[in-house]
Protein chains: 2
Amino acid sequence: MDYYSHQLDSIFLALADPTRRAVIGRLGTGPASISDLAKPFDMALPSFMKHIRLLEETGLVETRKQGRVRTCTLEKKRFALVDGWLSAQRAIWEARTDRLEAFVTATQSKEEKSR
Amino acid sequence: MDYYSHQLDSIFLALADPTRRAVIGRLGTGPASISDLAKPFDMALPSFMKHIRLLEETGLVETRKQGRVRTCTLEKKRFALVDGWLSAQRAIWEARTDRLEAFVTATQSKEEKSR
DNA sequence: AAAACACTTAGCCATTGCGCTAACTATCAT
DNA sequence: ATGATAGTTAGCGCAATGGCTAAGTGTTTT
C-alpha cells in the first residue's frame with residue numbers, strides 16, 4: 001500500500017510538466033533519439049536532458065546508448081500504477097455510492113421503484 | 001488541446017503528494033471538515049491547509065464554510081481529465097500497434113487468417 | 001587528421017513546494 | 001462575557017524544479 005506511494009509521487013510529478021507529457025506522447029508512437037525528441041522544444045539541450053533523465057528515473061522511459069546516440073523508449077507498463085491508483089479511488093466512490101443507493105432505495109422503497 | 005495543458009499540470013502536481021492523495025482517498029468516502037481531514041497527519045494545521053487550498057485551486061476538491069467549519073467534498077468529475085489524458089496516450093499506442101499489426105499481418109499473410 | 005555531431009558535465013540562478021511558528025479572527029458553548 | 005474551537009494570515013527556511021551558459025567527451029564523417 002505504502003510501497004507504491006513514493007513511486008506514485010515521482011510518476012505524478014513526472015507527468016506534471018507539459019514538456020515531459022509531450023515527450024511521452026511522442027514516444028507513444030515509437031522510440032526516438034534525444035535530439036529528435038528535443039527538436040520541437042525551444043529549450044537548451046541540457047535543460048531538455050533533465051526531463052529525459054527524470055522520466056528515466058521514474059521508469060516511464062527507458063534509454064539505451066549505442067555509439068553517440070541515446071535512444072528512448074516508452075515503458076508503457078509503468079502507467080499501470082496510475083491506472084491502479086485511479087481505479088482504487090473509483091472503487092472507494094463506488095463503495096460509498098452503493099451504500100448511498102442502498103439508503104436511498106430503502107428510504108423510498110415505500111413509494112417508487114421505476115427509473 | 002493545449003488549453004488543458006495547464007490544468008493537467010496542476011492536477012498531476014496535486015496528485016504527486018502522498019498527503020494530498022490520502023486526503024483524496026478519505027474524501028472519496030464522503031465530505032469532511034478540515035480538522036477531521038487533518039487529524040491523521042502529523043503536520044501543523046497551516047501546512048495541512050496549504051494542501052487543501054492547492055487541491056481546491058486545481059478543482060479536485062470543493063469547500064464550503066458554514067459557521068466556523070469548512071467542509072470539503074471531492075470533485076470527482078475532475079478526474080476525467082486524467083482519464084482523458086491516459087486514454088489519449090493509449091490511443092496513440094494502439095494506433096502504432098495497429099500499424100505494427102498490419103505490418104506483421106501483411107508479412108505473414110501467407111499463412112494466417114484475415115482481419 | 002580535422003571537423004561535425006550527439007550528447008554530457010558542471011555550475012549558476014530564479015521560482016516554487018512544503019514544512020514550521022506565532023499571532024489573529026470568527027464562531028459556538030457555558 | 002470567557003474560553004474553547006476551527007480556521008486563517010503572515011512570514012521564515014530549506015530543498016527541489018526548471019531554466020540557462022560554457023566547456024568537455026566520445027563517435028562518426030569527410
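Sequence lines set the chain letters: A, B, ... in the order given, protein chains first and strands last, and positions in each chain run from 1. The basis for the numbers below is simple: all heavy atoms, side chains too, and nothing from hydrogens, waters or symmetry mates.
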(message) On a heavy-atom basis, which atom in Leu60(A) and which in Ala14(A) lie closest, and how many Å separate them?
(response)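 Heavy atoms only, the tightest pair is CD1-CB, 3.8 Å.
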
(message) Mind checking if Ser35(B) touches a base, just sugar-phosphate, or nothing, with heavy atoms under 4.0 Å?
(response)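 Sugar-phosphate, no base atom in range.
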
(request) Have a look at Leu45(A) and say if it touches a base, only the backbone sugar-phosphate, or nothing, with a 4.0 Å heavy-atom cut-off. (result) base

Proximity to the side chain of [X] - top-ranked nucleotide from [options]:
X        : options                  : result
Arg68(B) : dC28(C), dT28(D), dT8(C) : dC28(C)
Ala44(B) : dT21(C), dT8(D), dC7(C)  : dT21(C)
Ser47(B) : dG19(C), dA22(D), dT8(D) : dG19(C)
Ile34(A) : dC7(C), dA6(D), dG19(D)  : dC7(C)
Ser33(B) : dT8(C), dG18(D), dG7(D)  : dG7(D)

(request) Find which nucleotide of DNA chain D each of Gln66(A) and Leu54(A) is nearest to by heavy atoms, and output the residue with the more 5' nucleotide. (result) Leu54(A)

(request) Nearest-nucleotide wise, let me know which of Pro46(A) and Ala16(A) is further upstream toward the 5' end of DNA chain D. (result)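 It is Ala16(A), whose closest nucleotide lies nearer the 5' terminus.
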
(request) Report yes or no: is there a donor-acceptor pair, N or O only, under 3.5 Å between the side chain of Lys50(B) and the base of dG19(C)? (result) yes

(message) Under 3.5 Å, is there any donor-acceptor pair linking the side chain of Arg70(A) to the base of dC7(C)?
(response)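 Checked by distance alone, the answer is no.
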
To the nearest Å, how far apart are [X] [atom1] and [N] [atom2]?
X        : N       : atom1 : atom2 : value
Met49(A) : dT17(D) : CE    : C1'   : 17 Å
Lys65(B) : dT27(C) : NZ    : P     : 8 Å
Leu15(A) : dT17(D) : CG    : P     : 14 Å
Glu57(A) : dT17(D) : CD    : P     : 9 Å
Leu13(B) : dG18(D) : CG    : C1'   : 13 Å
Phe48(A) : dG18(D) : CZ    : C1'   : 13 Å
His6(A)  : dA16(D) : NE2   : P     : 12 Å
Asp42(A) : dG19(D) : CG    : P     : 11 Å

Does [X] put a side-chain nitrogen or oxygen below 4.0 Å from OP1 or OP2 of [N]?
X        : N       : result
Arg20(B) : dC18(C) : yes
Arg53(B) : dC18(C) : no
His51(A) : dG19(D) : yes

(request) Could you check whether the rings of Trp85(B) and Phe79(A) sit parallel, tilted or perpendicular, using 30° and 60° as the cut-offs? (result) tilted

For the atom pair [atom1] ([X]) and [atom2] ([Y]), what is the distance rounded to the nearest 0.5 Å?
X        : Y        : atom1 : atom2 : result
His6(A)  : Thr58(A) : NE2   : OG1   : 10.0 Å
Asp9(A)  : Arg20(B) : CG    : CZ    : 9.5 Å
Leu37(A) : Ile24(A) : CG    : CD1   : 11.0 Å

(request) Show your reasoning for whether side-chain hydrogen bond (donor to acceptor under 3.5 Å, both in side chains) applies to Arg64(A) and Thr71(A). (result) CA-CA 5 Å; Arg64(A) 249 179 78 76; Thr71(A) 302; over 6 Å; no

